Amino acid sequence: MDRRKVLRDLLAAPGTARQGIPVFDAHRRLRGPYTFGGGLLAALLPAASQRSSLVVGRHDIEIRAAAPDLRDRVAARHEPLEARVPADERILVPAPRRTLRLANGITEFVRDCGAAPPIIAVDNADRADATDRELLATLLRRCDPQRLIIVCCSTEPPPPFFDGREIKAESSTSVAPENLAARYVAADGVLDDPRAVDAYHALPAAERARLHDHRADELAATGLTSWTLGAIPYHREHGSDPRGAGVAALSAALDHCMREGFLDAAADLGARGLRLAEPGSKRWWNLLQGTATALAGLGRTDEARDLYDTARRTSVDPEVHAACAYGTAMLDARHPDPARRDLGRAEGWVNEAIAISHLLPDRAVRAFKLGFDLNGKALIEMRRGRADAALALVDQAIELAGRDLPPGRHPIHRMVLHANRAQLLARLGRLPEALTEMDTAVTADPAYPDQRLDRGNLLYRAGRPEAARAEYDAAIDLSPPLPEGYYNRAQLLLATGDPHGAKADLDRVLELDPGYLDAYINRAGLLVQLGLDEQARADVAAGLALAPGNPHLSCVLGQIEAPAGRHAQARAAYDLAVSNAPDLAPAWANRAILRYETGDLEGAVADLTRAIELGEQATLYYNRAIALKDLGRHADAGADLRRAHDLDPDDPDIRAALAES
């Protein structure tokens with residue numbers, strides 16, 4: 001059917017007639033990731049640049065990532081280290097949720113640029129790449145429908161975030177029957193008129209290849225081969241491909257997607273490339289390794305493992321076997337389901353990688369590969385709780401890099417090693433050394449926001465809140481909207497006596513990521529402190545929808561119910577909390593208060609005793625002393641008051657009670 005006609009008819013229906021409504025085709029075969037997003041940005045950028053260059057500049061990262069063809073019109077505010085090193089040294093895999101950061105940034109650009117039309121239409125929404133589907137969901141969630149209406153056309157049922165807001169339109173076919181196969185190819189394979197599809201498949205293979213070659217040459221002549229990730233690879237892989245152009249295009253597209261964190265597209269492009277590449281060739285291996293890495297990042301670990309097994313059966317290259325052993329080890333060590341992690345098997349694979357890398361003849365290659373493997377084994381040791389052993393392995397890797405890598409080579413690898421060493425030192429309680437190591441890592445790439453967050457966390461632990469705040473601010477400034485940055489800053493603000501600032505940051509976290517469970521937990525507790533119980537109850541409900549039975553949320557629910565006199569409900573909430581998390585001291589302490597207030601003094605003492613076992617606090621001893629005194633156990637009460645005074649000698653209530661006793 002001619003979906004554009006259906007869309008035009010729908011938009012022209014009574015009550016919806018508009019003039020000049022832009023229609024964006026989101027089919028991933030056209031331009032790959034952000035086919036819709038890139039088209040939308042290209043349409044808005046000219047007017048936005050005239051209205052506010054500050055808004056454009058503030059969103060440079062997301063514009064340049066989603067629409068690489070606009071990079072010459074949007075300068076980068078900061079140049080990351082990865083942009084300055086050769087392709088074979090770009091080893092960083094973007095954060096798993098980077099595309100959510102990009103989607104939020106694009107949404108805020110659309111909202112703030114002053115150039116967005118009141119209504120836009122999106123065709124082929126069901127054929128969009130995961131990046132565009134996430135962007136559409138974010139736009140629909142965050143944009144005020146009074147200012148922007150988005151109409152999506154799809155042959156499949158709408159996703160849940162449409163919430164019943166769908167209209168069924170009758171299909172129509174308006175494409176003339178002549179030259180349907182050629183029109184199908186000229187439309188880059190997105191024409192879904194069944195007659196065109198049938199005509200295309202009825203052509204002889206050679207004629208189909210000729211049409212694809214012609215279309216690929218047309219696209220290449222536009223000069224967009226460096227960024228087009230859909231149409232050109234599609235035509236190259238279906239054309240005659242005498243010089244391996246299809247494999248080259250797919251390989252380049254895969255590399256781009258891996259650098260940007262577009263993992264769904266990377267997995268698809270890699271699989272398509274592997275069907276064309278010569279097994280055992282260098283390009284085949286690069287495609288396989290990139291595809292396996294993307295699949296692992298998507299949690300599709302069994303498929304990634306199958307690819308590594310294929311490489312082992314196909315290649316006799318020692319570097320390939322070392323990399324496969326390392327990759328398989330990480331699948332076992334990092335499996336998204338903790339129950340399926342197998343650290344013993346992971347150690348076996350990583351030891352194999354280390355053994356092979358030791359034998360590589362080139363000194364620099366050996367230093368890099370072996371250092372990579374040692375760093376991977378350090379992760380396994382850390383997950384076993386052996387931080388000292390992990391630190392020794394990272395130290396070996398750093399020594400190798402300093403001794404055997406040429407000066408200036410592999411700066412990202414060195415940076416990662418220093419950052420990992422910092423985290424291990426912090427785990428061992430050696431904070432001054434950890435900060436020195438993290439300073440080295442940040443100095444290597446001050447524009448890498450994730451490391452700025454890590455340094456902020458270390459500074460906060462070291463009792464330097466102002467310096468930590470500066471790092472959180474920097475991370476937020478260096479990144480598209482960063483939920484983790486606002487969350488960490490909220491923790492700091494709460495600890496330093498700014499509850500309203502903390503709430504504002506937690507509000508921002510949940511605006512950016514409604515699935516951020518810890519933000520619901522912390523904001524619910526903060527709202528209770530601010531006396532906003534009904535808002536806190538809403539956060540508890542939202543959090544429990546994400547994680548039923550969560551003990552922290554159950555504890556907050558008890559704090560809401562108890563002051564309202566709903567003691568049975570409060571007791572049930574606290575019981576659930578201590579049942580699901582026996583080591584959660586606040587749940588025991590709060591249940592103790594409830595038991596004391598409802599006359600269960602022995603129960604209150606028992607709960608406070610358990611809370612004290614989990615971590616001494618002056619308040620816990622003071623509260624238990626009160627309960628013990630009411631039970632007539634004055635000697636025990638006095639002992640608790642003395643211990644409370646030792647822990648907090650300046651507390652006036654403790655001092656008064658101790659004097660009275």
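Since the structure is predicted, the reported quantities are computational estimates derived from the model, not experimental observations.
Salt-bridge formation is detected for the pair Arg386/Glu381: a Lys NZ or Arg NE/NH1/NH2 atom is positioned less than 4.0 Å from an Asp or Glu carboxylate oxygen. For the pair Glu347 and Arg384, the salt-bridge criterion is met [side-chain N within less than 4.0 Å of a carboxylate O]. Salt-bridge annotation for Arg571 and Glu561: absent, with no side-chain N of the basic residue lying under 4.0 Å from a carboxylate O of the acidic one.
Of the possible donor and acceptor atoms, none in the side chain of His418 sits under 3.5 Å from a partner among the backbone N and O of Val442. Not a single donor-acceptor pair under 3.5 Å links the side chain of Thr138 to the backbone N or O of Asn104. Within the 3.5 Å criterion, the main-chain N or O of Ile354 finds no donor-acceptor partner in the side chain of Tyr326. Judged purely by atom type and a 3.5 angstrom limit, Gln451 has no side-chain atom pairing as donor or acceptor with the backbone of Pro446. Remark: side-chain polar atoms of Arg97 are not paired, donor with acceptor, to backbone N or O of Asp513 under 3.5 angstrom. At least one donor-acceptor pair under 3.5 Å links the side chain of Asp132 to the backbone N or O of Gly37.
A heavy-atom distance below 4.5 Å is found between the side chains of Glu89 and Pro411.
For Asn522 and Gln491, the side-chain atoms include at least one donor-acceptor pair closer than 3.5 Å. Side-chain atoms of Ser479 and Arg98 form no donor-acceptor pair, as typed in the model, at a separation below 3.5 Å. Side chains of Ser315 and Asp317: a donor-acceptor N/O pair is absent below 3.5 angstrom, by distance only. One side chain, Asp373 or Ser357, offers a donor N or O that lies under 3.5 Å from an acceptor on the other.
Figure legend: cation-pi geometry between Arg305 and Trp349 absent, as NZ or CZ is not positioned both under 6.0 Å from the six-membered ring centre and within 45° of its axis.
Take Asp507 and apply the salt bridge (Lys or Arg N to Asp or Glu O under 4.0 Å) test, not counting sequence neighbours, and it matches Lys503, Arg523. Under the salt bridge (Lys or Arg N to Asp or Glu O under 4.0 Å) criterion, Arg259 pairs with no residue at all, not counting sequence neighbours. A search for ring-ring contact (aromatic ring centres under 6.0 Å, His included) contacts involving Tyr486 returns nothing, not counting sequence neighbours. Arg300 meets the salt bridge (Lys or Arg N to Asp or Glu O under 4.0 Å) test with Glu303; sequence neighbours excluded.
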Please tabulate, for side-chain N and O atoms in residues 338-345, each donor-acceptor pair with protein atoms closer than 3.5 Å (sequence neighbours left out).
{"residue": "Arg340", "atom": "NH2", "partner": "Asp302", "partner atom": "OD1", "Å": "3.3"}
{"residue": "Arg341", "atom": "NE", "partner": "His335", "partner atom": "O", "Å": "2.8"}
{"residue": "Arg341", "atom": "NH2", "partner": "His335", "partner atom": "O", "Å": "3.3"}
{"residue": "Asp342", "atom": "OD1", "partner": "Gly344", "partner atom": "N", "Å": "3.3"}
{"residue": "Asp342", "atom": "OD1", "partner": "Arg345", "partner atom": "N", "Å": "2.9"}
{"residue": "Arg345", "atom": "NE", "partner": "Asp332", "partner atom": "OD1", "Å": "3.3"}
{"residue": "Arg345", "atom": "NE", "partner": "Asp332", "partner atom": "OD2", "Å": "3.0"}
{"residue": "Arg345", "atom": "NH2", "partner": "Asp332", "partner atom": "OD1", "Å": "2.8"}

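The stretch residues 581-593 participates, sequence neighbours left out, in these side-chain hydrogen bond (donor to acceptor under 3.5 Å, both in side chains) pairs: Asp575-Arg591, Asp583-Arg610, Arg591-Asp607.
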